2 protein chains.
Amino acid sequence: MGPGETDLELIRSRIREVPDFPKKGIAFKDITPLLQDGHAFRKAVDAMAAPFEGRDLETICSAEARGFIFGAALSYRLGIGFAPVRKPGKLPPQTHTVSYSLEYGTDSLEIRQDALAKGEKVLLVDDVLATGGTMEACCRLVETAGGVVVACLFLIELAALGGREKLPGREIVSVLTYD
Amino acid sequence: MGPGETDLELIRSRIREVPDFPKKGIAFKDITPLLQDGHAFRKAVDAMAAPFEGRDLETICSAEARGFIFGAALSYRLGIGFAPVRKPGKLPPQTHTVSYSLEYGTDSLEIRQDALAKGEKVLLVDDVLATGGTMEACCRLVETAGGVVVACLFLIELAALGGREKLPGREIVSVLTYD
């Protein structure tokens, strides 16, 4: 069963908008009030898990650092493995690496080469879908490592930033959408 | 009830030693095989939770990034809030900051100023107790924010590095100890 309206209202009420962070013109969605409320945090994790109960999934992948919070809690909740995606040099060798574009320059992400078996079914998890750049890189990384991306799951989707367009053909699930 | 011997053997069997990482002479404890085994990861989180069932705790604090994995799963498991400790500039203002010494130079950690109520009872969580520098800084940060440190909880303790001596008077719990 999915989350009720009151659960979604509770979750939404615990997300605070911070104007001009991390820079001018950006309205940051601060999830720390949600995390600090143990009941609301559980409801948020349960709401993320609900669409995937009984689905054929083997592993959750999330990128550091905020992605680890929901990814690890969902891994515990669903009883499936967790494969962390990290910045370069943080995971012991051997790793696969992908690069992706930022507003200025590029960044890279890594996964352990033995993180996934061939064809392993992966649920990608992050807290926020913004422009989609990080998630698109995570999809490529999972596929480079031999895995299959089943879906991309977010707590929050910032629809105006068009992240879905960066992820064509992917199943995208988000608990809360903001215009 | 605490974890049985077979659970501890399972958990220990999923921790891989990586020689000379991140630099020569260090035998890195790689937890990725544990995370990738959903059953073993659950057992590890349950083993960390067991000594704290029914204890009077209000919030878990963990430092990014690996600390988020066990901290968030334990927060879900115990049904109490989670207050992330982050590198400078990652949390929206206002924050408290503490500095701590590294082998060369210093580093800083931050927590939201509204993360903890006065006297809030905090369980600090990390994956590994090594030299204790990060955890000692987290204790100071929690106390600066008005919280009370109930205990410091680790999956792994590297006893030879003397981390306990950096944390005098603290209750320290670790699931697995290595000489």
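This structure is a prediction, so every number in the text was calculated from the model and none was measured. Naming: A, B, ... by sequence-line order, numbering from 1 per chain.
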For chain B, which candidate among S75(A), A115(A), G89(A) shows the most heavy-atom pairs at distances under 4.5 Å? A115(A)
Between S174(B) and L129(B), is there a side-chain heavy-atom distance shorter than 4.5 Å? no
Just give me the residue among I60(A), L34(A), D114(A), I80(A) that pairs up with chain B most often, heavy atom to heavy atom, under 4.5 Å. D114(A)
With a 4.5 angstrom heavy-atom cut-off, which part of R77(A) approaches chain B: side chain, backbone, both or neither? both
Using side-chain heavy atoms (C-beta onward) and a distance below 4.5 Å, is D46(A) in contact with Y76(B)? yes
For chain B, the option from A73(A), A83(A), G79(A) that forms the most heavy-atom pairs under 4.5 Å: G79(A)
Proximal component of R42(A), with respect to chain B [non-hydrogen, under 4.5 Å]: both
Is Q36(A) close to chain B through its backbone or its side chain, or both, or neither, when contacts mean heavy atoms under 4.5 Å? both
Correct closest heavy-atom pair for L124(A) and C138(A) would be CD2-CB, 3.7 Å
Under 4.5 Å heavy-atom distance to chain B, tell me which part of P92(A) shows up: side chain, backbone, both or neither. both
Quick one: of V18(B), L74(B), D30(B), L78(B), who has the most non-hydrogen atom pairs under 4.5 Å with chain A? D30(B)
For F154(A) and M48(A) the tightest heavy-atom approach is C-CE, 3.7 Å
Could you check K87(A) against E110(A) for salt bridge (Lys or Arg N to Asp or Glu O under 4.0 Å), going step by step and ending with a plain yes or no? CA-CA 6 Å; K87(A) 308 242 166 85; E110(A) 299 191 341; over 6 Å; no
Can you check salt bridge (Lys or Arg N to Asp or Glu O under 4.0 Å) on E64(B) and R86(B), steps first, answer last? CA-CA 6 Å; E64(B) 68 172 294; R86(B) 300 213 58 183; 3.0 Å; yes
